[in-house]
Amino acid sequence: MTEQPRRFHLQRLTDVIGATGTGRVADGILWPDGSATVHWRGQDNSDVFWPTGMDGIRRRSCHDGATHIVWDDPEPAPAGHCPHCPDGHTPADRGSQPWGAWVGPEVDGDGQPMTIHVARVAGAHVAESDADWIRARLNPAEEPRQPQPRPYTGRLGRGA
C-alpha cells in the first residue's frame, strides 16, 4: 500500500451500454487505504466511492477490456528503498522531474572539459538506484559495478 493518493483515469474504447461515450470517461484516485473514488465525466457526472478499490472498478466499469485503467501518477517504489521518501523512491525512468545533463566546469591540463553532470531538474534528490540506472544505460554491456567513489568537487556539505 502507498502512503500517497495515486491518480488514474478510465479510457473507454467501446461504450458497451451507450451511456458514457468513448475516450477519457472518468477520473479517479486510489487512496492509501486501498479504496478508490471515481468521478464520471459528462453531462450527468457523478462520483462513486469503491471500498474494494481497483478490483471493484475493474469488475464493474472495465466491461471485459472495453475500458482501460490508465495511471496518471507513477507507481511508487517499494517502501524502504529510499531513506528520504516515505513511499520509496520514484523509479529513475518515471516521475514528474525529468533528468538534465550539462558539461561541468572541471577541466584537464589542456583546458578541455572532463565531466558531465546529470541531475533531476527542480532539485529533486537522487538515490544510488538512480546512479545504477544511468550507468546501465551508458554502459549496457558491462556487468553491474559497485558504487563508485565521488570525485572531489571542492564543495563542502551535503552532496559534495
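For the residue pair T37/W50, the side-chain donor-acceptor check at 3.5 Å is not satisfied.
With sequence neighbours excluded, the residues satisfying side chain to side chain contact (heavy atoms under 4.5 Å, CB included) with I134 are W99, V118, L138. Not counting sequence neighbours, the partners of H39 by the side-chain hydrogen bond (donor to acceptor under 3.5 Å, both in side chains) test are D47. Listed by chain and number, the residues in a side chain to side chain contact (heavy atoms under 4.5 Å, CB included) with R24 are H9, Q11, D27, R41, D72 (sequence neighbours excluded). The side-chain hydrogen bond (donor to acceptor under 3.5 Å, both in side chains) test applied to S61 returns no partner, not counting sequence neighbours. Partners of D55 by side-chain hydrogen bond (donor to acceptor under 3.5 Å, both in side chains), not counting sequence neighbours: none found. Considering only residues two or more places apart in sequence or on other chains, R59 meets the side-chain hydrogen bond (donor to acceptor under 3.5 Å, both in side chains) condition with none of them.
Looking at V70 and F8, their side chains never come closer than 4.5 Å, going by heavy atoms from C-beta outward. Side-chain contact check for I69 versus I57: some heavy-atom pair is nearer than 4.5 Å. Within the 4.5 Å cutoff, the side chain of E106 has heavy atoms near those of the H117 side chain. F49 has its side chain out of reach of V38: every pair of non-hydrogen atoms, C-beta onward, lies at least 4.5 Å apart.
Under the 6.0 Å distance and 45° angle rule, R7 does not count as a cation-pi partner of W71.
Judged purely by atom type and a 3.5 angstrom limit, D108 uses its side chain to pair as donor or acceptor with the backbone of D110.
When every heavy atom of A36 is checked against every heavy atom of W31, the shortest pair comes out as CA-CD1, 3.8 Å. Heavy-atom minimum distance, T67 versus R12: OG1-NE, 2.5 Å.
Cluster membership for I116 and V126, using ILVMFWY side-chain heavy atoms within less than 4.5 angstrom, is shared.
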